[in-house]
Amino acid sequence: MSFEPKIIAFCCNWCSYAAADLAGISRMQYPHNVRIIRVMCSGMVHPEYVMDALNQGADGVMVLG
Amino acid sequence: MLDNNKIGSVMIVGGGVTGMQAALDLADSGYYVYLVEKSGAIGGAMAQLDKTFPTNDCSM
Amino acid sequence: MTLSEVTGIAGDAGNFTVTVKEAPRYVDMEKCIACGACTEKCPKKVDSEYDAATGKRKAIFVKYAQAVPLKYQIDAENCIRLKKPGACGFCEKVCDAGAINFNDTEKIHSINVGAVILSPGFEAYDPKPAQVWGYGDFPNVITSLQLERYLSASGPTEGHLVRPSDGKPVNKVAFLQCVGSRDENLCNNGYCSSVCCMYAIKEAVIAKDHVPGLATSIFYMDMRTHGKEFDRYMDRAKNEVGVRFVRCKVNGVEPAGSTGDLRISYVNEQGRQLEEYYDLVVLSVGLQTSKETMALADIAGISLTADKFAATSDFAPVTTSREGIFTCGTFSGPKDIPQSVVEGSAAAAAVSEVLAPARHQLSTEATFPEELDVANEDPRLGVFVCHCGSNIAGVVDVAAVEEYAKSLPNVVYVERNLFSCSQDTQDMIVKRIREQKLNRIVIAACTPRTHEPLFRETLKAAGLNEYLVEMANIRNQNAWVHSDTPAMATAKAKDLVRMAAAKVTYGTSLKNISVPITQKGLVIGGGVAGMTAALNMAEQGFDVHLIERTDVLGGNALHLKHTWSGEHIPGRLGKLIDKVIWNERIVIHKQHEVVGVEGFVGNFRTTIRSREGQTATIEHGVTVVATGGSIYSPDEYGYRRLKKVVNSIEFDKLHELKEKHVSSANTFVFIQCVGSREEDAMYCSKVCCTHSVQTAIRLKKEDPKRNIFILFRDMRTYGQREALYRQARKMGIIFINYELHGKPTVTENGQVLDVEVWDHVLHRPLKIVADMVILASAIRPKDNAKDLAKMLKVPVDGDGFFIEAHAKLRPVDFSTDGMFVAGLAHYPKPMEESVAQALAASSRAATLLSKMAVSLDAIKAIVDEKNCDGCALCVDVCPYKAITLMDRGDESGGKIVAVNVAKCKGCGLCMGTCPKRGVYVAGFTMKQISSQIQAALAV
């Protein structure tokens, strides 16, 4: 089987999370590997979260805001 | 005084998006509202639309 | 009250008795659980009104899937049983709830109210009787409303665009504009319906999105996309999406052979007769007042205009001819959704002005059961998986998600719902929470951005703290974006449910924050919009501060003479100014500017500075921005350089003063769209077409021998203004169309001006020797709008106009609570729309001012006293200045930070910055997020 990365995306409730919703409304198709975690602002994302995610096997972390 | 005879309730005839907005504002500012709709459910014409202009938002 | 109609209105303003006739539903609303078993069994199929006859419904039906109330009803006209006693009755047999009642009867209610608002809406024009479009004869000719249903995922074809005649895919579609509008011959609707141009473009764009490679052509007379952002949308449709626009009037639609194809014949701009073939023809039908609505107007005893819309004044756009009865929406003239919503609020404001003394007399607060303390209970999770009709269930294997959810730790109950958001499901969730003693809830459905507030209410209704719910976004961020890979979507849905469950397991009960409201308004801008908003708030009983930069009230209206319907502006404006000046609740601050703003909803502190430099600070609960606009000063057509080239406002003044250039002039040329609808200002100034036409009519009336030319791009005399355009043409005013790439030129030639423009019909340049050229200059935002926006922390768009919270549904609110916008500051608009928006802003403001306190959500930063060591890194990063450093006040002598929860927006910058875990955001704690990460990566 080909490599399927696991990606964690921290999305700001007011912009990137809303954009991800809008992608749905517009029926855009994108790879299913991303798991979105909603935060109230990307500034909320503590460096520890990123380390946590990578430690636990995430292949990539995105902080979108 | 004449003002004492005023009734603190309002009737809105038509449960489309306009009537609903009027109903919400009035209910939120302290009036009792009767929303009268001819058909079986509120929503009006906007509920029939698929997307709205210009943002292509879903109308629901 | 559904299935209800008003049959009589007696009494006077402040105290009416309204008679309402409620038709029988034949379904007991208390008992019906909207399971749909009845509809399944019902043998009688009829055309669905909701689907505009593109689909069928049964004789027992629910209007649409997300209907409120979600209760079935029997259509007596079509029910077999009601027509013939003893027959059929299947629905009654299958209804487990025993909700069917064939003996239901009509009820008459007599209701005492202080005011009445009429918002009956419109009916779509029926193109069948006119015959020329072949509607009703050829199945592939459909109306725009029918196309709307075909394109909808909840429509008869689930969004697949196929031909009604043979189900074949559609490759080529034509939209015919002005069907039932701007046409006195075929339908007697002389007015413009205002919305069809926009919806046709939208439908063309969406249709192209549904069917790759679809060819779409719009046949139109004038493109009337005058609303905010509409011209940009049209530009994109034309240049990026590839929608074709053809300016012409279509003669007719005929069948092309027996294939179901259609032939359209038209005369193009060059005057050539052409024919084209299409798979599908969509008629952009207009809006009209229905017979029932006219009967309602008669019952209410209010006057209508010649176009059969409710008659109103431009200065009181929601007030009908009968005192105490108001109108809003398309009943008072064709209009789009935002303007309808604005008028809904405006009508509420107008009512409130009359009924303010009786406020709170009859209203009651919603009550919720006492909250259960779940802090010491073990987590018991309930998971509700929404189908969202076919939106989720059509892609995700929801049954598998349900099964999977059952296997998760702490989950004790799982259920699937057709629509988790419907009222009956809400009631069901409340019941389940109680039965199963659930103390944490996961809703796997759409986005928390729109639906979390709803489910919070549900939890409250069940006596559970509203923050013990978490949504798994399996629609917007899953089913909709992975519809090509359903297996993967199902796997992701399981992950999302697992993540939500992990987070909510560590959720705790949180309390909303109650902040007192200063019951005062602040209005920035003393033009018509600002004064109207201030006056309405004052009449509703609230104190208002009105800030005006100049030394006079009145704003742009001081330069105007007549509204489009001919009302005299100076007279009305004078009365408005008087009322504002004499109202004891309004404090006017002339020659003052806003220089500083702080605070938040209910508790703003605004600093103003006088021209002399003195400052004052005002405390207020709401802010209305009505700073207006200004006229654009063009750099083209010889403006400023040539004395006989003036803008429309300058011309009006010269005309009024009977200046000799005007009175001796014989040939006048109006040039439209000067500074509008081009590169740097891709928006329509909305009022100029009507203004030029009105001025032209006046000039022609004064002296019919005058030659008057109007050079335009699209004539945008929308709504009932079309009558002016019609009158102007009849009077012999000459309208010449030009395109952006072939703008007219103006050159001085001795005492006269040579105006050259390309004539499309003659196919060569046309020279007009003019005595005066009048430029219809654009409306620009005020030059200081951007600075003010920065102070208020509200957004402006690329053109410099303030941006509302939602283009359709929140047209006067800013996304910042407690701030509202009205008038030209928002977008160019005519008098009655400014007034309506100002009233609407006041109405929205009153929803806050009428309360003593406002509740803010509990997603706020909380200081962990054990961990905070007072390093104060968070103080500087807080964008809202909500954190302060203070002494611990104990023997340690150390420092600690404190959060002002009213200022805190819960962004968590402090949390992201803190190296000691000394501060966290409620609802997004380190533990919650960590467990979410862990759950995401667990499999």
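All figures in this text were calculated on a predicted structure; none of them were measured in a lab. So you know, we letter chains A, B, ... as the sequences are listed, proteins then strands, and number each from 1.
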Which of the residues [options] is involved in the greatest number of heavy-atom pairs with chain B at under 4.5 angstrom?
options: L296(C), V351(C), V318(C); result: V351(C)
options: S352(C), A347(C), A846(C), A124(C); result: S352(C)
options: N112(C), L147(C), V20(C); result: N112(C)
options: G121(C), C328(C), A346(C); result: C328(C)

Going by distance alone, is a donor N or O of one side chain under 3.5 Å from an acceptor N or O of the other, for E22(C) and S4(C)?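 No donor-acceptor contact under 3.5 Å links the two side chains.
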Going by atom types only, do T225(C) and R232(C) share a side-chain donor-acceptor pair under 3.5 Å?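 No, no side-chain donor-acceptor contact under 3.5 Å.
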Lys/Arg-Asp/Glu bridge criterion (N-O < 4.0 Å) met for E229(C), R236(C):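 Salt bridge flag = no for R236(C) with E229(C).
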Taking only residues two or more places apart in sequence or in another chain, which ones pass salt bridge (charged side-chain N to carboxylate O under 4.0 Å, His left out) with K63(C)?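 With sequence neighbours excluded, K63(C) shows a salt bridge (charged side-chain N to carboxylate O under 4.0 Å, His left out) to no residue whatsoever.
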Just jot down the ring pair (Phe, Tyr, Trp, His ring centres under 6.0 Å) partners of Y26(C), sequence neighbours excluded, or say none.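 So Y26(C) forms no ring pair (Phe, Tyr, Trp, His ring centres under 6.0 Å) with any residue.
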Mind listing the closest non-hydrogen atom pair of S48(C) and R57(C) along with its distance?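 Taking S48(C) first and R57(C) second, the nearest heavy atoms are CA-CG, 3.8 Å.
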Report which part of Y34(B) has an atom under 4.5 Å of a heavy atom belonging to chain C: side chain, backbone, both, or neither.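 Side chain of Y34(B) only, per the 4.5 Å heavy-atom cut-off to chain C.
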Under 4.5 Å from any heavy atom of chain C, what part of L35(B) do you find: side chain, backbone, both or neither?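 Backbone only.
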What residue, out of S39(B), A45(B), G43(B), A27(B), has the most heavy-atom pairs lying under 4.5 Å from chain C?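 When all of S39(B), A45(B), G43(B), A27(B) are compared, S39(B) has the most.
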